> 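Take this structure first; my questions come after.
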Amino acid sequence: MTARIPSPSRAGDPPGALRTVAIVAGTDLRRRSRNRSAVVYAFLAPFGLAALISLALGAGADGFSATIAVVDEDGSDISLAFVDGLGVADTGPVTFIPVATEAGARSLLDAEDVSGAIVVPAGFMASAAGPDPVPLRVLQRPDAPISAEVAAAVARGLAARVDAGRLAAATAGHVGADARTVLEAAQAAALTEPIVGLTLADTASGLEMVAYFAPAMGILFLFLAVGFGTESLLADRADGRLDRIHAAPVQPVAVLAGKTAAVAVLSLGSMLSLWLATALVFGAAWGPVPGVLAVTVALVAAVTGIGLLVAGLVRTPAQADGLTGIIAFGFAIVGGNFVSPNVMPDLLARLRLFTPNGWALRSYSDLAAGDAPVPELLMAVGVLVAIGLIAGSAGALAVRRSGAG
Amino acid sequence: MSSPAASVGLGAQARAVGVLAAGVITRISRDRTALFFVVVLPLVIIVVIGATFFSAPGQLTVGVAGPETGSSAPVVAALEGSPAFSLQRFGDVGDLERAVRRRSLPAGLVFGDTDQAGATPVRLIADPASSSAQAVRQMVTGVLQHQGVVEAAATAVASRTAIEPERARSEARALATELPSTAVETMTVGAAPPPPPGQFTYPAASNLVLFVFVNSLAVSAALIRDRRLGVTRRILAGPVSSGVVLVGDGLGRLAFALLQAALIVVVGAVLFGVSWGDPLGAAALVVTFSVVATAAGLLLGVVVGSEDLAGSLAPPAGIALGMLGGTMWPLEVVPPLMRAVGRLTPHAWAMDAWIVLVFDRKGLGGIAVQLAVLAGFAAALAAVAIPLTRRRLTTTG
């Protein structure tokens with residue numbers, strides 16, 4: 001489909017630049033909408049991959065879980081209450097299973113069916129009142145250090161209760177209480193959970209994985225989709241379509257601006273539809289609308305500018321396809337598009353700021369986490385727009401010199 | 001009249017297969033973009049992932065802020081002395097809270113001012129949904145419970161005798177220093193594991209699986225292009241049967257997949273010290289998975305009619321299958337349903353086999369089941385792809 005040329009009766013009245021831009025952009029967008037590959041890259045692929053990541057990683061699947069065996073060889077009231085209590089308490093990702101003997105627990109550890117074991121040895125409570133209390137035992141596997149720490153912490157909790165009971169008995173006796181009161185005080189202290197000065201501050205407003213990976217996948221395929229615009233420009237030059245357009249009374253820069261505008265509109269549509277789709281389907285919260293819009297528009301500017309630079313550097317659609325792919329995946333790797341923020345090393349967190357991906361993703365994740373200081377946001381927007389302007393200006397010059405625009 | 005191909009001997013057909021296969025490799029090697037995705041990209045990813053990730057496996061990093069005095073001192077000492085945790089200190093509580101909200105850390109501890117009794121309030125900042133944060137919580141609770149022994153004893157005594165709570169507390173504090181404590185002994189069961197195979201080993205294995213498959217899908221566009229340009233029609237005009245074309249093309253693609261795998265194996269071993277385990281097992285796994293990838297590429301090439309669409313579907317499809325199959329994160333961290341779905345991909349079985357070979361250090365026998373499943377995938381894909389491709393070759397040429 002070619003751009004509409006003004007009718008001869010108005011030959012003395014060439015179309016304005018804005019109208020030319022609109023006509024060229026509209027034509028390119030209609031052509032792009034018929035290209036199934038562009039639809040895959042702009043809409044289907046980012047949503048599909050974001051959905052996959054959301055289903056796989058979810059909200060709190062950060063990896064730790066453990067099964068710990070609990071062995072009661074003592075059979076006292078305290079040890080029975082301890083084992084029963086672990087069985088009914090909400091212990092999160094840690095599951096405690098009762099095992100009859102220490103030998104049985106060792107077998108389970110060898111078979112890697114449990115990642116740790118707590119053993120209350122025989123004579124534990126009987127020795128508690130004496131000068132030499134029997135220690136609790138924690139069995140650990142060398143490849144499960146976190147489970148070992150959790151098991152040891154739980155065992156220390158039981159040890160603390162026994163110590164509290166012993167201390168209460170000694171204190172009651174010291175202040176002259178009778179034997180019955182001493183016993184009652186000891187039992188009360190042993191059965192009371194020691195006060196721990198630990199409060200929990202909930203950060204449930206933290207970043208959801210889908211709110212990070214949706215824009216991450218969107219940005220990857222944004223670069224790939226922009227390549228179609230570059231190929232279109234070069235294909236038009238090769239087909240002679242550009243020559244025919246330039247033969248009309250239109251400004252060449254307006255034609256180039258129209259093609260660039262088509263790329264920008266498609267890119268913006270891609271990111272906004274991804275935002276809407278993930279919000280509706282997965283309840284993904286990308287963050288405050290003004291902030292997300294600002295970062296998205298700036299990101300589109302950066303990607304469009306880079307796409308224009310690619311158009312100026314290459315000569316054939318195949319070269320455009322290749323260079324676009326290299327840039328898309330290169331930026332994605334260094335920019336952290338494939339790396340969850342909760343495992344991102346410091347080095348990568350610094351390296352990614354050499355890419356537009358890194359600036360955009362950092363801003364998106366801050367917005368989604370509900371913690372995006374305005375100065376940092378403005379800086380990210382400024383950097384992205386600057387990338388777009390610099391790359392786009394250089395690209396436009398190169399395209400004009402090559403005769404493609 | 002009989003077809004020219006019928007009169008050609010076996011030797012000539014074999015030579016034709018070799019020429020066709022070599023042609024596939026030559027065409028791919030002339031494509032600089034393909035060389036980037038085959039050579040450069042996998043190695044860059046291995047370097048980036050290996051160098052930045054696999055240096056301290058199995059550790060949780062906990063942020064701390066505030067004065068480390070009173071009862072917070074033993075908490076810090078316990079975290080610093082534990083192989084399971086590493087500490088990151090923050091001068092500003094706001095920065096620590098921001099790091100936890102942004103998921104840079106699983107949890108943070110903020111210590112308040114120590115009171116006259118020596119107790120320090122501790123605030124745990126965490127997402128309640130984070131399982132790692134709960135591990136930190138349990139560990140810190142275990143340490144702090146010991147600090148609460150005096151208070152528990154004093155409260156019990158004061159509530160059952162006539163003495164004032166403050167006197168009970170001071171008596172208990174004085175006696176606590178004289179009484180023995182219940183100890184917790186830790187014992188290690190089982191031999192220490194062999195030293196880990198090296199920080200680049202896991203990313204090398206996962207990227208081998210990912211890129212052999214993705215690039216095998218990507219070259220499917222080449223067959224469609226050959227049909228469109230009439231290359232296949234011209235070949236079939238000669239004394240070459242469609243079967244020979246199919247075998248030649250298939251062997252060419254398989255050779256490409258094997259070259260891709262060999263590159264990652266050799267460069268991984270030489271430059272990054274990657275250990276690939278038992279050589280026979282590794283070779284069998286590489287060949288079997290390459291056959292699976294080749295069959296998948298063949299199927300994509302015949303099902304999708306347009307080379308543009310085939311080329312554009314290959315990356316997202318390959319990445320999606322890689323995600324499902326555990327090449328981007330271990331399947332142990334995903335929900336059971338996603339783990340089950342992952343098992344429907346050849347990637348999951350290939351990763352299983354690499355873990356058995358490299359981390360469990362078993363031989364060919366240890367991956368027999370995985371190899372059998374992968375062979376099943378290859379057979380199923382080929383059973384669909386080969387007849388379709390043959391029909392496409394003979395009808396559209």
Side-chain angles (χ1 to χ4, degrees), chain A residues 36-37 40 45 52 56 59-64 92-93 106 109 133 135-139 142-143 145-146 149-150 153 155-157 159-160 162-164 167-168 170-172 175 177 181 184-185 188-189 192 194-201 203 206-207 322 326 341-342 345 347-348 369 371, chain B residues 33 36 48 52 58 82-84 98 100-103 119 121-125 127-132 134-135 138-139 141-142 144-146 148-149 151-153 156-157 160-161 163 171-172 175-176 180-190 192-193 308-309 312 316 320 323 333-334 338:
Chain A
R36 287 176 294 176
S37 302
V40 167
L52 200 54
D62 52 4
F64 174 71
R106 285 177 181 266
L109 277 163
L136 290 166
R137 281 200 292 278
V138 169
L139 308 179
D143 60 339
I146 300 175
E149 285 294 346
V150 172
R156 279 197 287 271
V162 171
D163 288 347
L167 183 58
T171 306
V175 300
T181 305
E184 285 178 0
T192 303
I195 296 168
V196 171
L198 178 67
T199 54
L200 178 65
T203 61
L207 175 63
I326 290 169
N342 60 335
L347 178 61
L348 195 58
D371 187 358
Chain B
T33 307
F36 170 80
V48 169
T52 55
S82 168
R98 187 166 301 128
V100 175
R101 264 202 298 275
R102 289 174 175 177
R103 292 208 177 202
V122 181
R123 193 159 55 103
L124 174 68
I125 299 171
D127 180 351
S130 164
S131 51
S132 301
Q134 297 205 32
Q138 295 214 325
M139 196 265 195
T141 301
L144 290 176
Q145 276 186 335
H146 182 68
V149 166
E151 191 61 35
V157 170
R160 284 162 179 76
T161 64
I163 68 169
E171 297 283 354
L175 285 168
S181 300
T182 305
V184 175
E185 292 179 344
T186 304
M187 299 171 189
T188 301
V189 173
D308 280 345
L309 194 56
S312 61
M323 285 178 177
V333 307
V334 306
M338 293 304 292

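The figures that follow rest on heavy atoms only: side chains count, while hydrogens, waters and symmetry mates do not. The chains referred to below are lettered A, B, ... by the order of the sequence lines, with proteins before strands, and numbering in each begins at 1. On a predicted model such as this, the values are computed, not experimentally measured, just so you know.
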> Which heavy atom of Val149(B) sits nearest a heavy atom of Ala160(A), and at what distance?
CG2-O, 3.4 Å
> Do you know which of Ala172(B), Ala320(B), Ala176(B) has the most heavy-atom pairs under 4.5 Å to chain A?
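Looking at each option in turn, the highest pair count goes to Ala172(B).
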> How far apart are the closest heavy atoms of Ala152(B) and Ala164(A), and which atoms are they?
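Residues Ala152(B) and Ala164(A), closest heavy atoms: CB-CB, 4.0 Å.
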> CE/Met323(B) to CG/Leu52(A) distance, rounded to the nearest 0.5 angstrom?
6.0 Å
> Does Asp163(A) use its side chain to pair, donor to acceptor, with the backbone of Ser181(B) at less than 3.5 Å?
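No.
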> When only pairs under 4.5 Å are counted, which of Ala168(A), Ala177(A), Ala188(A) shares the most heavy-atom pairs with chain B?
Ala168(A)
> Less than 4.5 Å to any heavy atom of chain B: does that hold for the side chain of Leu139(A), its backbone, both, or neither?
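Leu139(A) touches chain B through backbone and side-chain heavy atoms alike.
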> My understanding is that only residues two or more places apart in sequence, or in another chain, count here; which of them pass side chain to side chain contact (heavy atoms under 4.5 Å, CB included) with Glu171(B)?
Thr171(A), His174(A), Val175(A), Arg167(B)
> Non-hydrogen atoms of chain B under 4.5 Å away: do they reach the side chain of Pro133(A), the backbone, both or neither?
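Just its side chain gets close to chain B.
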> As an exercise: rank Ile163(B), Val157(B), Thr161(B) by heavy-atom pairs under 4.5 Å with chain A and give me the winner.
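Top count of heavy-atom pairs under 4.5 Å with chain A: Val157(B).
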> Got a sec, which residues hit side chain to side chain contact (heavy atoms under 4.5 Å, CB included) with Ala45(A), two or more places apart in sequence or on another chain?
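For Ala45(A) the side chain to side chain contact (heavy atoms under 4.5 Å, CB included) partners, ignoring immediate neighbours, are Val40(A), Phe221(A), Pro316(B).
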